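Working notes for the structure below.
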Amino acid sequence: MTAQTNTHKQTIINSEDAFKNIVSHAKEYGFVFPSSEIYDGLGAVYDYGQLGVELKKNIREYWWKAMTQLHENIVGIDAAIFMHPTTWKASGHVDAFSDPLIDNKDSKKRYRADVLIEDYIAKIETKIEKEVEKAVKRFGENFDEKMFRTTNPRVLEYVKKVEEINIRYKTALEKNHLAEVKQIIEDCEIVCPVSGSRNWTEVRQFNLMFSTQMGSVADDAGTIYLRPETAQGIFVNFLNVQKTGRMKIPFGIAQTGKAFRNEIVARQFIFRMREFEQMEMQFFIKPGTEMEWYNYWKEARMKWHNSMGFSQNKYRFHNHIKLAHYANAACDIEFEFPFGFKELEGIHSRTDFDLKNHEQYSGKKLQYFDVEENKSYVPYVIETSIGLDRMFLAVLSHAYKNESLSDGTIRDVLQIPPFLSPVKVAVLPLVKKDGLPEKAREILDSLRFEHYCQYDEKDSIGKRYRRQDAIGTPFCVTVDHDTLTDNCVTIRYRDTMQQDRIPIATLSTVVEKKVSLKNALKNLH
Ligand code: GAP
């Protein structure tokens, strides 16, 4: 192995700048573009470019195979986006799928009242962690963190404050007591981040579903909704799949597809979009077994996330204070995005809420006959629900590194897990003549049946390496004059920038070992 002389260090920049860099990198290299950009874009709607679509497809495929291929009792469907409008009455979305919004009268900015309160709580929690960090520094090895957290007066004061707000906030939301939500904002002296004032309007509920008209009927009878979650397509097909697939409880139905929400506060790039993609799985179980399966899926989903190879402390569970209208237990898997820990995936114990309501509204039985129990029942459901775009952002933001090299140069590199990288191999002839392009294309032709590869002969080899680093290609293969006689190539590794000379005959195996989805799935199993 030829050791590269450059050592590399991650350039330290603040998280706001880091996030800006990720957004502009995503655009510059064809991952994500603002929608209809020539018309100045459309709020919180984005298009995936030529590399973004590959990365997105790879993440989707990894999720899909982890769900369906690795579980005999999980099958997939692809339901339509449009559904009978009664679906959304039954699911509770018409009546309850709304966010409490509040406006600041000075800045005219609109906020989600619950988010303002949650951010306020998060700030207090950060203060607690800062106190702990300071104490660690002060007391060194003898520091007893548990003791400190349970006795330090300042920490206890913060904890008490968080608990008090949480209780008030939970009760207010559960009772839909919007005046009390506003009172909490006032009591906490929460200010508008733009105007800095506390001049707030009343809190109002705002339904997040988009509606449109079906056919030529202009009255209400023709109003349908763009689905706000993919889950309902699974519930209404529960019996179709159970019967035709002869599925026995417990079993799951998985689906990926678009969902639409008229988000009030749509910020942070593809984190919160108005049109986005979900990857959801509903796991149908015997009533009474829900906590067992809820814990099973919490663990299984965290294992899937950890298999990305990101540091474990990038993830954490967050139990819901305010349960959605359908859940009796729920948590999020949060990821540390450049703007802090935020929800990446939800795991919900949805009881029999959805199937029971669909039974009631449709008049059709949606029950399972349990041969062992010799009785029929409406199954309970554990749901795992992850946003594909959020997962994309998690991968991209973790992968993006702006490294200062020891030779004084800087390189942008995307350290995407190789099995998810859009391009797996770049084949590069050292020069554009002497038969090297032909040899390089021969190699490319042998690899392209297995992997998405790129051919590049423009600019110096150094520039070409950097271009591939910037899009996350794990391997660059360089064809030089010696290749024509010794049938060997130089393979360069993205993360270490080290280079190896290897026979062309072994190339496919070397690449496959690192980039194969099969190996990733095996590690998961
Ligand atoms: N079926 C349950 C459900 O939809 P959710 O917590 O509202 O639950 C699940 O959404 C996941 O969908 C979230 O964890 C998030 O990853 C993703 N998601 C939700 N709203 C989103 C939005 N506006 N933009 C991007 N992703 C979103």
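Since the structure is predicted, the reported quantities are computational estimates derived from the model, not experimental observations. When a ligand or atom number is given, it counts from 1 through the structure's own listing order.
Among residues two or more places apart in sequence or in another chain, the salt bridge (Lys or Arg N to Asp or Glu O under 4.0 Å) test is passed with E373 by K286, K375. Taking the side-chain hydrogen bond (donor to acceptor under 3.5 Å, both in side chains) definition, one finds that T201 meets it with nothing, sequence neighbours left out. Partners of R227 according to the salt bridge (Lys or Arg N to Asp or Glu O under 4.0 Å) rule, which considers only residues two or more places apart in sequence or in another chain, do not exist here.
Put simply, the side chain of E189 reaches to within 4.5 Å of the side chain of R198, judged on heavy atoms.
Between F271 and F339, the distance from one ring center to the other falls under 6.0 angstrom.
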Identify the protein atoms, limited to N or O, that lie within less than 3.5 Å of an N or O atom of ligand 1, and list each pair with its distance to 0.1 Å.
| from | atom 1 | to | atom 2 | distance (Å) |
| --- | --- | --- | --- | --- |
| ligand 1 | 1 (N) | E229 | OE1 | 2.6 |
| ligand 1 | 1 (N) | E280 | OE2 | 2.5 |
| ligand 1 | 1 (N) | R350 | NH1 | 3.4 |
| ligand 1 | 1 (N) | E383 | OE1 | 3.4 |
| ligand 1 | 1 (N) | E383 | OE2 | 2.8 |
| ligand 1 | 4 (O) | R261 | NH2 | 2.9 |
| ligand 1 | 4 (O) | Q278 | NE2 | 3.0 |
| ligand 1 | 6 (O) | E343 | OE2 | 3.1 |
| ligand 1 | 7 (O) | R261 | NH1 | 2.8 |
| ligand 1 | 7 (O) | R261 | NH2 | 3.0 |
| ligand 1 | 10 (O) | Q278 | NE2 | 3.4 |
| ligand 1 | 12 (O) | Q278 | NE2 | 3.3 |
| ligand 1 | 14 (O) | E343 | OE2 | 2.5 |
| ligand 1 | 14 (O) | L344 | O | 3.4 |
| ligand 1 | 16 (O) | L344 | O | 2.8 |
| ligand 1 | 16 (O) | G387 | N | 2.9 |
| ligand 1 | 20 (N) | R261 | NH1 | 3.3 |
| ligand 1 | 23 (N) | E263 | OE2 | 2.8 |
| ligand 1 | 23 (N) | M273 | N | 3.4 |
| ligand 1 | 23 (N) | M273 | O | 2.7 |
| ligand 1 | 24 (N) | F271 | O | 3.4 |
| ligand 1 | 24 (N) | M273 | N | 2.8 |

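With salt bridges taken as basic N to acidic carboxylate O contacts below 4.0 Å, one links K27 and E37.
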